[in-house]
Peer 1: 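Below are the structure tokens for one structure; questions will follow.
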Amino acid sequence: MLSLSERDFQRLVNFVKTNYGINLEHKQQLIAGRLSNVITSMGYNTFSEYIDHILSRKNPEDIEIMLNKLTTNYTYFMREEAHFDYFRTTVLPWLEQTKKNRVLSIWSAGCSSGQEPYTLSMILKDYFSSKTGMWDTRVLATDISQNVLDTAAAAEYEEESLRNLPAGWKGKYFRKSSKPGFYTVADCIKSNVIFRRFNLMEPIRFKLQFDVIFCRNVMIYFDQPTKEALVKRFYDSTVPGGYLFIGHSESLPKSNIDYKYVIPAAYRK
């Protein structure tokens with residue numbers, strides 16, 4: 001493993017935090033461990049040379065490789081299931097009653113490899129059933145990593161990751177893949193999810209305000225000021241009465257936010 005000096009560590013920490021909001025201040029050992037092989041494979045001998053390269057060239061592909069190594073994109077279908085139950089039993093009936101134009105605006109922010117937005121799409125398909133064609137239920141799914149977005153768009157998953165799905169959903173919304181032990185999301189679900197690359201540190205300027213925002217297990221990488229600033233941008237981008245869901249390992253301060261707590265890790269405007 002290559003040695004990472006305090007100076008180079010701070011240079012990299014400041015760059016990542018300023019541009020991507022990710023706080024690595026206490027991750028010196030993790031950075032050294034996860035990037036050493038990347039650095040040598042690129043032909044560099046030291047962290048200093050590698051960080052000079054990252055900071056001077058700002059090559060998007062090299063930065064994405066670095067961020068993928070430093071953050072964990074682990075998820076599965078129906079993760080933190082209570083949120084999906086609340087979405088189905090409370091949020092969707094409210095939307096069905098109030099959205100006169102029948103256009104829903106749902107955002108999976110930090111969607112990783114796609115399990116969350118596809119789960120939302122399956123719930124929407126199940127809920128509206130025969131009325132699906134009368135509603136615009138498309139889900140916007142964004143992530144900073146093009147690599148995980150490509151994986152999400154391919155929609156191919158190991159059978160093990162489907163273990164928490166409701167009975168019957170595997171047969172209804174998945175097809176066996178040509179790859180042994182893998183399943184592919186059905187076209188009716190895939191076509192309902194729109195994948196886009198987006199950095200959550202950027203201004204949120206989408207066409208519509210959102211009825212529901214899922215941003216779960218993303219802000220664990222952010223320090224408190226960065227988190228509060230992002231939640232403020234979320235709030236300004238949410239319709240009155242709309243919801244924000246965060247991860248159960250995350251929390252929002254009772255002060256400095258305008259959302260109101262409704263259930264664990266879920267808030268409403």
Side-chain angles (χ1 to χ4, degrees), residues 1-77 79-80 108-118 141-158 160-161 179 182 195-202 214-227 230 246-250:
M1 187 170 68
L2 297 178
S3 175
L4 175 58
S5 70
E6 184 64 27
R7 174 180 176 273
D8 288 329
F9 171 62
Q10 291 300 332
R11 290 166 69 205
L12 190 59
V13 165
N14 291 337
F15 173 77
V16 172
K17 184 176 179 181
T18 299
N19 291 280
Y20 306 101
I22 299 169
N23 183 14
L24 300 170
E25 289 177 356
H26 305 292
K27 305 291 185 180
Q28 188 165 352
Q29 193 68 22
L30 178 143
I31 292 171
R34 293 192 179 182
L35 292 184
S36 287
N37 288 341
V38 173
I39 293 169
T40 55
S41 70
M42 293 176 66
Y44 294 111
N45 296 312
T46 66
F47 261 97
S48 186
E49 292 174 349
Y50 171 74
I51 295 170
D52 285 344
H53 165 85
I54 291 292
L55 270 57
S56 62
R57 296 194 183 183
K58 296 183 174 65
N59 182 294
E61 292 181 3
D62 292 338
I63 291 171
E64 179 163 342
I65 290 170
M66 177 184 71
L67 294 177
N68 285 340
K69 286 289 185 180
L70 296 178
T71 58
T72 303
N73 294 302
Y74 173 71
T75 186
Y76 50 87
F77 288 97
R79 183 179 183 183
E80 299 181 339
S108 172
C111 67
S112 189
S113 47
Q115 288 92 332
E116 179 179 270
Y118 286 137
T142 68
D143 201 278
I144 195 173
S145 169
Q146 188 60 49
N147 183 53
V148 297
L149 289 173
D150 291 343
T151 298
E156 193 172 56
Y157 301 97
E158 289 186 271
E160 174 66 14
S161 71
K179 189 188 302 185
F182 281 74
F195 290 104
R196 295 286 184 272
R197 189 174 183 178
F198 184 72
N199 183 350
L200 289 172
M201 296 302 99
E202 297 174 7
F214 278 77
C215 185
R216 304 188 303 166
N217 306 299
V218 174
M219 290 187 285
I220 54 174
Y221 297 109
F222 301 162
D223 62 14
Q224 197 63 27
T226 302
K227 184 193 302 184
L230 176 59
I246 66 173
H248 282 288
S249 62
E250 301 167 316

Peer 1: Is there a donor-acceptor pair closer than 3.5 Å between any side-chain N or O of Glu64 and the backbone N or O of Asn147?
Peer 2: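 Between the backbone of Asn147 and the side chain of Glu64 there is a qualifying donor-acceptor contact (under 3.5 Å).
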
Peer 1: Does some side-chain heavy atom of Leu70 sit less than 4.5 Å from a side-chain heavy atom of Ile22?
Peer 2: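 When only atoms from C-beta onward are counted, Leu70 and Ile22 do not touch, as no gap falls below 4.5 Å.
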
Peer 1: What closest approach, in Å, do Asp143 and Ser112 show between heavy atoms, and which atom pair accounts for it?
Peer 2: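 Residues Asp143 and Ser112, closest heavy atoms: OD2-N, 2.9 Å.
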
Peer 1: Would you say Glu250's side chain and Met219's backbone share a donor-acceptor pair under 3.5 angstrom?
Peer 2: yes

Peer 1: How about Gln29 and Met1: do any of their side-chain heavy atoms sit closer than 4.5 Å?
Peer 2: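 A side-chain contact under 4.5 Å exists here.
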
Peer 1: Of the non-hydrogen atoms in Ser36 and Phe47, which two are nearest, and what is the gap between them?
Peer 2: OG-CE1, 4.0 Å

Peer 1: Please report the closest heavy-atom contact between Asn217 and Ser249, naming both atoms and the distance.
Peer 2: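 Smallest heavy-atom distance, with atoms named: OD1-OG, 3.4 Å.
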
Peer 1: Calculate, to the nearest 0.5 Å, the distance between atoms OH and OH belonging to Tyr118 and Tyr157 respectively.
Peer 2: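 Tyr118 OH to Tyr157 OH: 5.0 Å, rounded to 0.5 Å.
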
Peer 1: Quick one: are Cys215 and Leu200 in side-chain contact, heavy atoms under 4.5 Å?
Peer 2: yes

Peer 1: So, the side chain of Lys17 versus the backbone of Asn14: is there a donor-acceptor pair under 3.5 Å, distance only?
Peer 2: no

Peer 1: Rounded to the nearest 0.5 Å, how far apart are OG1 of Thr46 and CD1 of Ile51?
Peer 2: 8.5 Å

Peer 1: Describe, in one word, how the ring planes of Tyr20 and Phe15 are oriented to each other, choosing from parallel (under 30°), tilted (30 to 60°) and perpendicular (over 60°).
Peer 2: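 Geometry flag for Phe15 against Tyr20: perpendicular rings.
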
Peer 1: When you look at CD of Gln10, are more than 12 heavy atoms from neighbouring residues, nucleotides or ligands closer to it than 6.0 Å?
Peer 2: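 Buried by this count: over 12 neighbours within 6.0 Å.
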
Peer 1: Side chains of Thr18 and Met201, heavy atoms from C-beta outward: is any pair under 4.5 Å?
Peer 2: no

Peer 1: Return yes if some donor-acceptor pair links the side-chain N/O of Ser41 with the main-chain N/O of Val38 below 3.5 Å, else return no.
Peer 2: yes

Peer 1: Compare every heavy atom of Ala141 with every heavy atom of Leu149, then report the nearest pair and how far apart it is.
Peer 2: CD2-O, 4.3 Å

Peer 1: Let me confirm one number: the NZ-CG distance from Lys227 to Asn23, rounded to the nearest 0.5 Å.
Peer 2: 10.5 Å

Peer 1: Quick one: are Leu35 and Leu12 in side-chain contact, heavy atoms under 4.5 Å?
Peer 2: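 A side-chain contact under 4.5 Å exists here.
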
Peer 1: For Ser108, is there any backbone N or O sitting under 3.5 Å from a side-chain donor or acceptor partner on Glu116?
Peer 2: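 Checked: no pair found.
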
Peer 1: Would the distance check show the side chain of Asn199 and the main-chain N or O of Ile144 forming a donor-acceptor pair, the cut-off being under 3.5 Å?
Peer 2: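 Not at all, since once roles are kept as given, no pair shorter than 3.5 Å links the two residues.
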
Peer 1: Measuring from Tyr44:OH to Leu2:CG, what's the distance to the nearest 0.5 Å?
Peer 2: 13.5 Å

Peer 1: Please round to the nearest 0.5 Å and tell me the distance separating atom CD1 of Ile220 and atom CD1 of Ile246.
Peer 2: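 Answer rounded to 0.5 Å: 11.0 Å.
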
Peer 1: Around atom CD of Glu6, are there more than 12 heavy atoms of other residues, nucleotides or ligands at under 6.0 Å?
Peer 2: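 Counting other residues, nucleotides and ligands, CD of Glu6 exceeds 12 neighbours.
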
Peer 1: May I ask you to test the Leu67-Val16 pair for a side-chain heavy-atom distance under 4.5 Å?
Peer 2: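 Contact flag for Leu67/Val16 side chains = yes.
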
Peer 1: Less than 4.5 Å apart, any side-chain heavy atom of Cys111 and any of Val148?
Peer 2: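 No, too far: nothing below the 4.5 Å cut-off.
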
Peer 1: State the CG-CZ distance between Leu55 and Arg57, to the nearest 0.5 angstrom.
Peer 2: 13.0 Å

Peer 1: Backbone N or O of Phe9 within a donor-acceptor pair of the Gln28 side chain at under 3.5 Å?
Peer 2: no

Peer 1: Considering only heavy atoms from C-beta outward, does the side chain of Arg79 approach that of Gln115 to under 4.5 Å?
Peer 2: no

